[in-house]
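The structure appears below as structure tokens.
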Number of protein chains: 2
Amino acid sequence: MRVLLAEDQGMVREALAALLSLEDDLEVVAQVSRGDEVAAAVAEHQVDVAVLDIEMPGMTGIDACAEVRRARPRTKVVIATTFGRPGYLRRAMESGADAFLVKDAPAAELAEAIRRVLRGEKVIDPTLAAAALTEGANPLTGRERDVLAAAADGAVNADIAARLHLSEGTVRNYLSMAIQKTAARNRAEAVRIAREKGWL
Amino acid sequence: MRVLLAEDQGMVREALAALLSLEDDLEVVAQVSRGDEVAAAVAEHQVDVAVLDIEMPGMTGIDACAEVRRARPRTKVVIATTFGRPGYLRRAMESGADAFLVKDAPAAELAEAIRRVLRGEKVIDPTLAAAALTEGANPLTGRERDVLAAAADGAVNADIAARLHLSEGTVRNYLSMAIQKTAARNRAEAVRIAREKGWL
DNA sequence: CTCGGGCCGTGACATCCGTCATGCGGAGGT
DNA sequence: ACCTCCGCATGACGGATGTCACGGCCCGAG
């Protein structure tokens, strides 16, 4: 079966390629390091399974998954990520992913998951599935996410207001909402919590 | 040559093991997922080269490197990390590392670096070396680092004071110093900048 | 021994931040 | 038509934060 690997860290990507090449029934026919190169490569190399990291330059693996789903629905998608955040899992499934793995897991699970999605199964870590279900959906509105994301790197209110073309008071209001919804005590904690839950 | 791999993400660790096993002259004789297991494993398996990640539970790869250096000076140490922060490079070299690689690099460089350190050479990314030299040393004092680290996850002043057994005013003073030294405009930005430079 | 620097604290002050009340317009649902 | 939710805004208030000046203790370098 023809496999594509998308992962931005060269060493990790090539190591995973070496690992999968040990499997007789799998062949790594393409490797990309950016999310926005996935869809084209999948089409060009007639890929049967795409293994995607989430955090990548250009485009997230989740968005790339949605692109693949639209352009070539028969290609299976496996999301393999460092962070087992419930929100990531939820969004990955909404984008049509067939499997969701965390890189903490033993390597054998990757090949195993690939074979299972090829048989038409879905593969999800049960612990994560439970967490995603108990958490409920992302409670932040679009603008609240925007403001929180802009505050994430330490910008002051005036900066955020300028960047998003808002009034400073509005920025304060959205942040206040976000802080309450995350049950945090200030913006920094709100950012941390939202990140952990995959809301950002 | 006998190689140890220390890396917390199972999938990545085993993939790197597969990669290195393709090299005729290298043999992966031990794998650990925690920093505090490195030294014992190095001694037990008579390891010639230890490949260490930095971010690991239990102990950082840099501290583990120092342990190995003390307990078994002839063992070479290769630090392989996700983040090419100048401060990491500096601290790794101070701990006696023989090579410093970023995981962005192509996989071939890993085996190459291992062979070179075995010949007694040091291997450092020249771009990073330049950055480390232009940056100068960490300007933060021990206590300033402590309070900044405690503020990193969104704790309020009272929390930090309690955690470090300080007065709240003292926390404010240290944070103010840290903010000035990082040329930041608030604690959150100071945390970000200190992280980027590897001062934390 | 003196001097600088790290460490810890206090007090005062200006500013920033988080909260709340309130308002308006638009989109979507019943 | 009505209600609800989102987006955007203003104004006011208290508390948190950042800055500054100042003092103390201890240690190592010169």
Side-chain angles (χ1 to χ4, degrees), chain A residues 87 90-91 94 135-200, chain B residues 87 90-91 94 135-200:
Chain A
R90 172 181 301 272
R91 281 192 275 161
E94 283 166 3
E135 273 216 358
N138 186 338
L140 300 176
T141 70
R143 248 2 198 175
E144 285 163 3
R145 259 200 313 280
D146 293 344
V147 175
L148 198 57
D153 54 351
V156 298
N157 283 343
D159 295 350
I160 305 173
R163 205 188 304 175
L164 299 180
H165 308 289
L166 291 176
S167 123
E168 206 170 322
T170 306
V171 171
R172 279 213 293 279
N173 287 337
Y174 284 138
L175 271 175
S176 183
M177 282 296 114
I179 289 168
Q180 289 178 253
K181 288 182 180 176
T182 52
R185 303 212 299 309
N186 55 50
R187 60 182 65 196
E189 204 176 6
V191 167
R192 183 174 59 78
I193 294 172
R195 281 231 178 91
E196 276 169 14
K197 304 215 177 188
W199 290 346
L200 227 146
Chain B
R90 172 180 304 272
R91 281 192 275 158
E94 283 167 3
E135 272 212 5
N138 186 339
L140 300 176
T141 71
R143 241 16 194 168
E144 284 162 5
R145 259 200 313 281
D146 292 343
V147 291
L148 198 56
D153 55 352
V156 299
N157 284 342
D159 295 350
I160 306 173
R163 204 188 307 176
L164 299 182
H165 308 290
L166 290 176
S167 124
E168 206 171 322
T170 306
V171 171
R172 279 213 292 278
N173 287 337
Y174 282 138
L175 270 174
S176 184
M177 281 295 114
I179 289 168
Q180 287 178 254
K181 288 182 180 175
T182 51
R185 302 209 304 304
N186 55 48
R187 59 182 68 195
E189 204 175 3
V191 166
R192 182 175 58 77
I193 293 173
R195 280 233 178 89
E196 277 169 12
K197 305 214 174 187
W199 291 346
L200 231 148

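Below, chain A is the first sequence line, B the second, and so on; all start at residue 1.
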Would a 4.5 Å heavy-atom cut-off, applied to side chains only, mark [X] and [Y] as touching?
X: Thr182(A); Y: Glu189(A); value: no
X: Thr170(A); Y: Leu164(A); value: no
X: Arg187(A); Y: Ile160(A); value: yes

Report each atom pair, protein N/O against N/O of nucleotides 4-7 of chain C, whose distance is under 3.5 angstrom.
residue, atom, partner, partner atom, Å
dC7(C), OP2, Thr141(B), OG1, 2.8

Below 4.0 angstrom from OP1 or OP2 of dT10(C), is there any side-chain N or O of Ser167(B)?
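For Ser167(B), the contact criterion (side-chain N or O under 4.0 Å from OP1 or OP2 of dT10(C)) is met.
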Tell me the bend of the helix from dC1(C)-dG30(D) to dT30(C)-dA1(D) as the angle between end helix axes, each from five pairs, rounded to the nearest 10 degrees.
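Result, rounded to 10 degrees: 40°.
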So how far is it from Arg185(A) CZ to Ile193(A) CD1, rounded to the nearest 0.5 Å?
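That separation rounds to 9.0 Å.
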How long is the straight-line distance from CG of Leu200(B) back to CZ of Arg192(B), given to the nearest 0.5 Å?
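Nearest 0.5 Å value for the CZ-CG distance: 13.0 Å.
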Throw together a table of side-chain donor-acceptor distances under 3.5 angstrom for residues 145-155 of chain A, partners on residues two or more places apart or in other chains.
residue, atom, partner, partner atom, Å
Arg145(A), NH1, Leu140(A), O, 3.4
Asp146(A), OD2, Arg143(A), NH1, 3.1

Minimal non-hydrogen separation, Ala178(A) against Ala190(A), with atom names:
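Shortest heavy-atom contact: O-CB, 4.5 Å.
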Compare every heavy atom of Asn157(B) with every heavy atom of Arg172(B), then report the nearest pair and how far apart it is.
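Heavy atoms only, the tightest pair is CG-ND2, 3.6 Å.
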Tell me every residue that passes side chain to side chain donor-acceptor pair (under 3.5 Å) with Arg195(A), counting only those two or more places apart in sequence or in another chain.
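Arg195(A) satisfies side chain to side chain donor-acceptor pair (under 3.5 Å) with no other residue.
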Counterpart residues, side chain to side chain donor-acceptor pair (under 3.5 Å), relative to Arg163(B) (two or more places apart)
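Arg163(B) satisfies side chain to side chain donor-acceptor pair (under 3.5 Å) with no residue once adjacent residues are dropped.
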In the 5'-to-3' direction, what one-character label does each nucleotide of nucleotides 15-30 of chain D receive under the scheme B = base within less than 4.0 Å of a protein heavy atom, S = sugar-phosphate only, - = no such atom?
--BBBBB---------
Between atom CG in Leu140(A) and atom P in dG7(D), what is the gap in whole Å?
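After rounding, the reported distance stands at 11 Å.
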